[in-house]
Amino acid sequence: MVSTQNRAVPVYDSTQTPPPFWEELVELWRYRDLVVQMVLRDIKVRYKRSWLGVAWTLLHPLMMMVVLTLVFSHLFRFELAYYPVYLLSGTILWNFFAQSSTQAMLQLIWGGSLLTHIYLPRTVFAVVAVGTGLVNLLLTLIPLALIQWAIGAPLHPQAWAWLPIPIVLTAMFTLGVGLFVSTFAVYFPDFADMYQVGTLAWYFLTPVLYPKSIIPETYRWWLNLNPVYHLVEAFRMPIYYGYSAGPHTLAAATVAAVGTLVLGWLVFTARAHEIAYRL
């Protein structure tokens, strides 16, 4: 019979657990296959009942472009060459941010009942929402390129090689915002509606539909405080102007993306253990 007197007995000490932000990151990596499957599920569900299918993703920005071009280019009468390209290049990135951050919040609220039955990393819902939004964003680049070709705008294929940088930065920023607003939505159910109204106002305060030049010179410095403005400019420049964003724009976009992601992750994971009881 083997003696167990000299064997080390495992002891669980709650004080030795890793910080919540690191523990959540490790758990999210363990469940990475689930994240992929949930993104694929959301894509299939979105187009399953649509007879246009993926084609709707291509037609939607085209229809929006026609409406907004007729309204804004004629109503405000600003001169901007190839305005549809300018409009679309800003709109599709804004839609990715606004829709993904909103879905991150709503999916946590709608799917939160799962947390009382099975274990899931709480950040899964936000990551899946951003991942699904990324797929849709990449699909909308196809009609954007076709519209550029159709209206005779320069395509700048070499400059498009810079697009992964602003796309990744925007995804980081969106995930940070999504986690941050999800935390508030758990405690204040009306916050989801307030956020959607707030993003609408944010949309019109960002030069997406209109050029920066129509803003009076004395008020343009406010744009530097708008993180989405820097992200939109970093994304738009390779597409519309044919060159990468300048160091000031990229630096501001990077600081906004990294800072927002870290803040959102810290705030969300600090309260993650309470989510199942609050929903």
Side-chain angles (χ1 to χ4, degrees), residues 14 17-32 34-36 38-39 41-42 93-134 136-137 168-203 205-206 225-231 253-279:
S14 61
T17 57
F21 69 90
W22 178 253
E23 183 179 15
E24 185 71 19
L25 185 61
V26 172
E27 289 299 299
L28 184 64
W29 176 252
R30 287 181 55 200
Y31 282 77
R32 60 189 182 277
L34 175 64
V35 172
V36 174
M38 291 178 69
V39 169
R41 180 209 62 184
D42 286 353
L93 191 77
W94 173 269
N95 286 343
F96 163 64
F97 158 68
Q99 294 174 4
S100 298
S101 58
T102 301
Q103 282 300 311
M105 178 174 48
L106 296 180
Q107 285 196 23
L108 177 64
I109 296 173
W110 295 338
S113 59
L114 284 174
L115 300 177
T116 61
H117 297 85
I118 60 175
Y119 171 77
L120 284 175
R122 275 54 172 170
T123 52
V124 160
F125 299 99
V127 173
V128 169
V130 174
T132 305
L134 274 174
N136 292 324
L137 172 62
V168 170
L169 291 177
T170 306
M172 294 169 61
F173 178 78
T174 303
L175 179 58
V177 172
L179 291 170
F180 191 78
V181 297
S182 294
T183 307
F184 282 91
V186 168
Y187 290 88
F188 308 102
D190 293 335
F191 185 81
D193 296 324
M194 296 170 58
Y195 176 71
Q196 294 181 64
V197 174
T199 53
L200 181 61
W202 196 351
Y203 175 62
L205 291 174
T206 306
L225 303 179
N226 184 351
V228 183
Y229 163 71
H230 301 292
L231 294 167
T254 302
V255 170
V258 175
T260 303
L261 177 58
V262 171
L263 177 62
W265 192 274
L266 288 173
V267 170
F268 184 86
T269 55
R271 298 290 183 180
H273 63 284
E274 302 178 8
I275 291 177
Y277 304 100
R278 295 283 181 174
L279 294 174

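Positions are given from 1 along the sequence.
A distance of 7.5 Å separates OG1 of T174 from CG of L231, quoted to the nearest 0.5 Å. Atoms CG and CG, from L205 and L200 in turn, are 10.0 Å apart once rounded to the nearest 0.5 Å.
Using a distance-only test at 3.5 Å, with no hydrogens or angles considered, a donor-acceptor pair links the side chain of T199 to the main chain of Q196. In terms of modelled atom types and a separation under 3.5 Å, the side chain of E24 and the main chain of T123 share a donor-acceptor contact. Under a 3.5 Å cut-off, the side chain of S101 and the backbone N or O of A98 do form a donor-acceptor pair. Here the side chain of W94 pairs no donor or acceptor atom with the backbone of Y203 at under 3.5 angstrom. Between the side chain of R122 and the backbone N or O of L120, at least one donor-acceptor pair lies under 3.5 Å.
The aromatic rings of F173 and F97 sit tilted relative to each other, their planes meeting at an angle between 30° and 60°.
Residues L179 and V267 have side chains not in contact (no heavy-atom distance under 4.5 Å, counting atoms from C-beta outward).
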Discussion item. Please evaluate residues T260 and M172 with respect to the criterion side-chain contact (heavy atoms from CB on, under 4.5 Å), reporting the C-alpha separation (whole Å), side-chain torsions for both, the decisive distance (0.1 Å), and the verdict.
Written reply: CA-CA 8 Å; T260 303; M172 294 169 61; over 6 Å; no
Practice prompt. For the pair F184 and M194, evaluate side-chain contact (heavy atoms from CB on, under 4.5 Å) and give the outcome as yes or no after the intermediate values.
Written response: CA-CA 11 Å; F184 282 91; M194 296 170 58; over 6 Å; no
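Here the closest heavy-atom approach between residue G133 and residue S100 is recorded as CA-OG, 3.5 Å. In plain terms, the two heavy atoms of L108 and S182 that are nearest each other are CD2-CB, 3.8 Å.
If you look at F180 and Y195, their ring centroids are not closer than 6.0 Å.
Within 6.0 Å of OH in Y31 there are more than 12 heavy atoms belonging to other residues, nucleotides or ligands.
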